[in-house]
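Input: a single structure, listed below in structure tokens.
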Amino acid sequence: FFLSFFNFRGPVVLMYHSVGENRAFFTVKLRDFERQMNYLKQHNFNIISVAELLILLKNNKQKILNKNKTIIITFDDGYADNYETAFPVLKKYQYPATIFLTVGRVGTKLKLKNKTKINMLNWEQIKEMHNSGLIDFEPHTITHPKLSKIEITVAENEILESKQIIEEKLNKKCRVFAYPFGDFNKNVKSLVQKYFGIAFSTKKGKISRVSDLYDLPRNSIDSEVSFMQFKGIIKYGRI
């Protein structure tokens with residue numbers, strides 16, 4: 001009974017990157033993304049924002065952890081197709097989402113190891129999405145380093161500067177962070193605790209009573225996740 005309780009209760013955070021037709025392993029095709037969002041709608045999942053999750057975790061952890069079928073949608077890095085492809089689908093279903101922005105890549109083109117090139121969001125697109133009230137932007141550092149592998153003063157600059165730039169550009173407060181590659185150590189975590197209310201890693205699972213607020217699980221949805229696996233993730237927090 002104890003195990004089944006944890007399997008079925010508690011929010012599941014989804015981690016997307018790109019939505020489109022490029023050859024990156026982390027990219028979900030539009031038809032698959034649309035099918036996933038439609039499934040959430042048809043089966044009455046409760047889609048909440050990261051801001052709502054933060055309030056619930058800080059103020060009433062018990063309430064959120066007893067909820068079933070609660071989903072939080074996030075994207076990492078800030079690819080232009082988040083605006084071109086994913087945003088129209090999110091608007092269609094009126095689903096809130098958070099994009100963790102690699103601030104130094106805004107307005108650039110990212111070249112992957114397999115030679116795939118992907119455009120990144122520009123500030124005009126970011127502001128339009130932010131102004132819709134549906135899309136929240138939070139920091140994901142400036143250059144997307146493994147924070148545990150760099151000097152702590154450099155790590156602090158990566159974290160703090162990305163926070164400050166988003167706050168200034170969008171006239172908002174940033175209270176949530178996502179570690180690039182899900183990578184951190186105790187010193188990095190201490191920095192993040194100083195500046196944010198909660199933070200996400202990339203470990204799988206549901207948010208539970210024992211979840212660390214600065215190591216919250218997120219479940220990757222990428223090109224290798226089948227629709228059956230997607231259904232397992234949103235139900236159990238694992239494939």
Side-chain angles (χ1 to χ4, degrees), residues 7-53 64 67-102 110 112 114 116-121 125-126 128-130 132-138 140 178 182 200-207 216-239:
N7 284 343
F8 287 98
R9 300 289 182 182
V12 172
V13 184
L14 304 179
M15 176 179 66
Y16 291 92
H17 285 78
S18 166
V19 178
E21 302 302 320
N22 65 64
R23 295 185 299 113
F25 84 93
F26 54 63
T27 298
V28 174
K29 291 188 182 302
L30 172 58
R31 66 173 181 270
D32 294 330
F33 183 69
E34 169 73 49
R35 187 182 184 193
Q36 291 162 4
M37 296 302 104
N38 185 57
Y39 183 86
L40 295 176
K41 189 74 166 181
Q42 295 302 317
H43 291 81
N44 299 310
F45 279 80
N46 178 37
I47 316 301
I48 67 170
S49 67
V50 164
E52 289 174 275
L53 176 68
I64 186 71
K67 280 196 170 189
N68 199 7
K69 301 181 76 170
T70 296
I71 300 288
I72 296 96
I73 300 168
T74 71
F75 294 80
D76 275 12
D77 304 338
Y79 299 97
D81 57 45
N82 294 178
Y83 171 81
E84 298 155 353
T85 310
F87 186 38
V89 177
L90 294 168
K91 282 195 290 189
K92 174 182 173 181
Y93 293 102
Q94 284 297 292
Y95 284 166
T98 291
I99 297 175
F100 290 104
L101 199 60
T102 305
L110 186 68
L112 304 178
N114 68 359
T116 299
K117 293 180 180 178
I118 311 179
N119 289 326
M120 308 304 288
L121 289 167
Q125 293 167 328
I126 291 165
E128 182 183 333
M129 296 170 86
H130 169 73
S132 74
L134 269 188
I135 312 299
D136 178 38
F137 288 89
E138 300 288 345
H140 196 45
F200 292 96
S201 64
T202 55
K203 68 181 183 184
K204 298 177 175 65
K206 288 192 166 196
I207 295 174
L216 292 172
R218 284 194 300 163
N219 301 270
S220 180
I221 309 296
D222 53 46
S223 61
E224 297 175 357
V225 174
S226 69
F227 189 58
M228 187 175 291
Q229 289 172 327
F230 174 81
K231 290 194 280 188
I233 288 168
I234 59 175
K235 186 171 185 180
Y236 301 111
R238 64 175 190 270
I239 293 172

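Here, residue 1 is the first one in the sequence, and each next residue gets the next number. Basis for what follows: all heavy atoms, side chains included, without hydrogens, waters or symmetry-related copies.
K206 and K235 get closest at one heavy-atom pair: NZ-O, 2.8 Å. When all heavy atoms are compared, the tightest approach of S18 to D81 is OG-OD2, 2.5 Å. Minimum interatomic distance between I207 and L53 (heavy atoms only, all atoms of both residues): CD1-CD2, 3.8 Å. Residue L14 comes nearest to I234 through the heavy atom pair CD2-CG2, 4.1 Å, listed as atom of the first residue, atom of the second, then distance. In this structure, A24 and L112 approach most closely via the heavy-atom pair CB-CD1, 3.4 Å. Closest of all the heavy-atom pairs between E84 and P88 is O-CG, 3.6 Å.
Side-chain contact between V89 and L30 is present, with heavy atoms from C-beta onward closer than 4.5 Å. Annotation: side chain of I135 is not in contact with side chain of H130 (no heavy-atom distance under 4.5 Å). Annotation: side chain of N46 is not in contact with side chain of I71 (no heavy-atom distance under 4.5 Å). Side-chain contact check for F230 versus R35: every heavy-atom pair is 4.5 Å or farther apart. Inter-residue side-chain proximity for T27 and V19 is flagged as unmet; no heavy-atom pair is nearer than 4.5 Å. Using a 4.5 Å heavy-atom threshold, the side chains of N38 and Q42 count as touching. Using a 4.5 Å heavy-atom threshold, the side chains of L110 and Y79 count as touching.
Considering only residues two or more places apart in sequence or on other chains, Y16 meets the ring-ring contact (aromatic ring centres under 6.0 Å, His included) condition with F33, F75. Under the rule for a ring-ring contact (aromatic ring centres under 6.0 Å, His included), the partners of F227 that lie at least two apart in sequence or sit in another chain are Y39. Take T102 and apply the side-chain contact (heavy atoms from CB on, under 4.5 Å) test, not counting sequence neighbours, and it matches D77, R105, H140, H144.
The CG atom of L121 sits 6.5 Å away from the CG atom of L101 when rounded to the nearest 0.5 Å. The structure places CD of E21 at 4.5 Å from NZ of K29, a figure rounded to the nearest 0.5 Å.
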Check step by step if side chain to side chain contact (heavy atoms under 4.5 Å, CB included) holds for V225 and I233.
CA-CA 10 Å; V225 174; I233 288 168; 4.1 Å; yes

Does F137 form a side chain to side chain contact (heavy atoms under 4.5 Å, CB included) with F100? I'd like the steps, not just the answer.
CA-CA 6 Å; F137 288 89; F100 290 104; over 6 Å; no

Side chain to side chain contact (heavy atoms under 4.5 Å, CB included) between T70 and V12: does it pass, once the steps are laid out?
CA-CA 6 Å; T70 296; V12 172; over 6 Å; no

Evaluate R218 against T74 for side-chain hydrogen bond (donor to acceptor under 3.5 Å, both in side chains), listing each step before the verdict.
CA-CA 9 Å; R218 284 194 300 163; T74 71; 3.0 Å; yes

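Without hydrogens or angle criteria, K203 side chain to G182 main chain gives no donor-acceptor distance under 3.5 Å. Of the possible donor and acceptor atoms, one in the side chain of S223 sits under 3.5 Å from a partner among the backbone N and O of F25. Panel note: side chain N114, backbone R23; a donor-acceptor pair is recorded below 3.5 Å. Distance alone, capped at 3.5 Å, is enough to place a donor-acceptor pair between the N219 side chain and the G205 backbone. Remark: side-chain polar atoms of E34 are not paired, donor with acceptor, to backbone N or O of R31 under 3.5 angstrom. E128 places no side-chain N or O within donor-acceptor distance of the main-chain N or O of Q125, the cut-off being under 3.5 Å. A donor-acceptor distance shorter than 3.5 angstrom exists from the side chain of N82 to the backbone of H17, with no hydrogens or angles considered. Checking side-chain atoms of S132 against main-chain N and O of M129 turns up a donor-acceptor pair under 3.5 Å.
Crowding of Y93 atom OH: a count of heavy atoms from other residues, nucleotides or ligands under 6.0 Å exceeding 12.
Ring centers of F45 and Y95: at least 6.0 Å apart, outside the cut-off.
Partner M15 forms a side-chain contact (heavy atoms from CB on, under 4.5 Å) with one of I221, T202, I73 and no other, that one being T202.
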